[in-house]
Amino acid sequence: AKGVTITIPNQVINATVEESALLSVEYLCQGTPTIQWSILSIWKTQNIVVWEPKKQPNISESYKDRLCTYSNGSIQILNLHENDSGYYVVTVTDHFGTSKDAAIFLKVDVHVYEDLHFVAVILTVLVALSGFSMFLIWLLKKCVQMIKRKRWKQQIRKEAEEIELQSL
């Protein structure tokens, strides 16, 4: 029977920047197929790789050092970038020219914990600065109170001296 069949175990893959993602497929067809992967995203439509099993794959420059191909048609993208998110389309073409497409959606997220770490550090610094500022304000208030008491005592002494001098 002529024809190509493609099986995709995971149609949606979630990954994080700098990790790797395995875009897994399996196919059945007559003869030796040609396998092609492309990406359709907001930013671009681009061919990634074309190859025949047991032959050298033709990998695009932007994926040259980040792509592994497997004989079952799967690919693995290493060191993911945020702009690797998108629909990955695999096309399997048999030697009769019959082809079949299938798609996998890859969502690449940024490291959330790094953002939270940054916020936590900034928050800790702000809390420490506010605590130090509160301590300085308290210390300044105590100094002002001491100066006021000292002036008040001096004023009382001065008045007492004036009263003593007037009575003589």
Side-chain angles (χ1 to χ4, degrees), residues 1-140:
K2 290 184 182 180
V4 176
T5 60
I6 300 175
T7 306
I8 298 181
N10 295 317
Q11 293 182 334
V12 177
I13 298 173
N14 292 306
T16 307
V17 170
E18 297 178 1
E19 290 182 344
S20 63
L22 177 64
L23 282 60
S24 182
V25 299
E26 292 182 12
Y27 65 86
L28 289 172
C29 70
Q30 296 289 319
T32 303
T34 299
I35 302 164
Q36 177 177 345
W37 280 91
S38 318
I39 179 173
L40 308 172
S41 71
I42 297 170
W43 302 280
K44 63 187 176 236
T45 300
Q46 174 186 352
N47 287 332
I48 297 172
V49 62
V50 178
W51 85 98
E52 293 180 11
K54 299 181 183 177
K55 289 190 178 177
Q56 187 69 25
N58 182 12
I59 301 172
S60 73
E61 278 302 315
S62 57
Y63 288 87
K64 201 67 139 178
D65 299 327
R66 305 187 306 127
L67 194 76
C68 299
T69 58
Y70 299 96
S71 60
N72 68 350
S74 302
I75 60 172
Q76 184 173 23
I77 304 171
L78 309 171
N79 190 24
L80 289 170
H81 305 149
E82 192 173 0
N83 63 354
D84 285 330
S85 291
Y87 285 94
Y88 286 79
V89 178
V90 59
T91 304
V92 178
T93 308
D94 67 13
H95 69 280
F96 296 111
T98 306
S99 66
K100 183 94 175 210
D101 297 326
I104 297 174
F105 181 71
L106 174 63
K107 184 172 187 295
V108 181
D109 293 316
V110 214
H111 293 288
V112 174
Y113 70 88
E114 285 181 359
D115 294 340
L116 292 177
H117 177 73
F118 176 74
V119 169
V121 167
I122 294 296
L123 189 60
T124 302
V125 168
L126 290 175
V127 166
L129 286 173
S130 66
F132 184 68
S133 298
M134 289 171 58
F135 172 73
L136 288 177
I137 290 170
W138 175 82
L139 191 59
L140 184 62

Distance (rounded to the nearest 0.5 Å) between [X] [atom1] and [Y] [atom2]:
| X | Y | atom1 | atom2 | answer |
| --- | --- | --- | --- | --- |
| Thr34 | Trp51 | OG1 | CH2 | 10.5 Å |
| Ser85 | Leu106 | OG | CG | 5.5 Å |
| Thr69 | Ile48 | OG1 | CD1 | 12.0 Å |
| Tyr87 | Thr45 | OH | OG1 | 13.0 Å |
| Glu26 | Ser71 | CD | OG | 10.0 Å |
| Ile75 | Ile59 | CD1 | CD1 | 9.0 Å |

What heavy-atom pair brings [X] and [Y] nearest, and what distance separates the two atoms?
| X | Y | value |
| --- | --- | --- |
| Pro53 | Pro33 | CD-O, 3.4 Å |
| Glu18 | Asn79 | CA-OD1, 3.6 Å |
| Ser24 | Pro9 | O-CD, 3.2 Å |
| Gln76 | Leu22 | CB-CD1, 4.0 Å |
| Gln46 | Ser62 | NE2-OG, 2.7 Å |
| Ile8 | Ala103 | CD1-O, 3.5 Å |

Check: [Y] and [X] side chains under 4.5 Å, non-hydrogen atoms:
| X | Y | value |
| --- | --- | --- |
| Trp37 | Leu23 | yes |
| Ile6 | Lys100 | yes |
| Thr16 | Leu80 | no |
| Asp101 | Val92 | no |
| Val25 | Thr7 | no |
| Ser20 | Ile77 | no |
| Thr91 | Ile35 | no |
| Ser38 | Tyr88 | no |

Name the atoms and distances for all side-chain donor-acceptor pairs under 3.5 Å in residues 118-137, with sequence neighbours left out.
{"unit_1": "Thr124", "atom_1": "OG1", "unit_2": "Ala120", "atom_2": "O", "d": "2.8"}
{"unit_1": "Ser130", "atom_1": "OG", "unit_2": "Leu126", "atom_2": "O", "d": "3.3"}
{"unit_1": "Ser130", "atom_1": "OG", "unit_2": "Val127", "atom_2": "O", "d": "2.8"}
{"unit_1": "Ser133", "atom_1": "OG", "unit_2": "Leu129", "atom_2": "O", "d": "2.9"}

| task | State whether the number of non-hydrogen atoms from other residues, nucleotides or ligands found under 6.0 Å of Lys64 atom NZ is greater than 12. | result |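 Yes, the 6.0 Å shell around NZ holds more than 12 heavy atoms from other groups.
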
| Is atom OH of Tyr70 surrounded by more than 12 heavy atoms (other residues, nucleotides or ligands) closer than 6.0 Å? |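 Atom OH in Tyr70 is packed in, count exceeds 12.
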
| field | Residue pairs involving residues 82-93 (criterion salt bridge (charged side-chain N to carboxylate O under 4.0 Å, His left out); sequence neighbours excluded) | value |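 Every salt bridge (charged side-chain N to carboxylate O under 4.0 Å, His left out) pair that includes a residue of residues 82-93, provided the two are not neighbours, is Arg66-Asp84.
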
| Should Leu67 and Leu78 be marked as a side chain to side chain contact (heavy atoms under 4.5 Å, CB included) after you check the CA-CA gap, both sets of side-chain angles, and the distance that decides it? | CA-CA 6 Å; Leu67 194 76; Leu78 309 171; over 6 Å; no

Does [Y] offer a backbone N or O that forms a donor-acceptor pair with the side chain of [X] under 3.5 Å?
| X | Y | value |
| --- | --- | --- |
| His95 | Gln30 | yes |
| Asn10 | Val12 | no |
| Asn47 | Val49 | no |

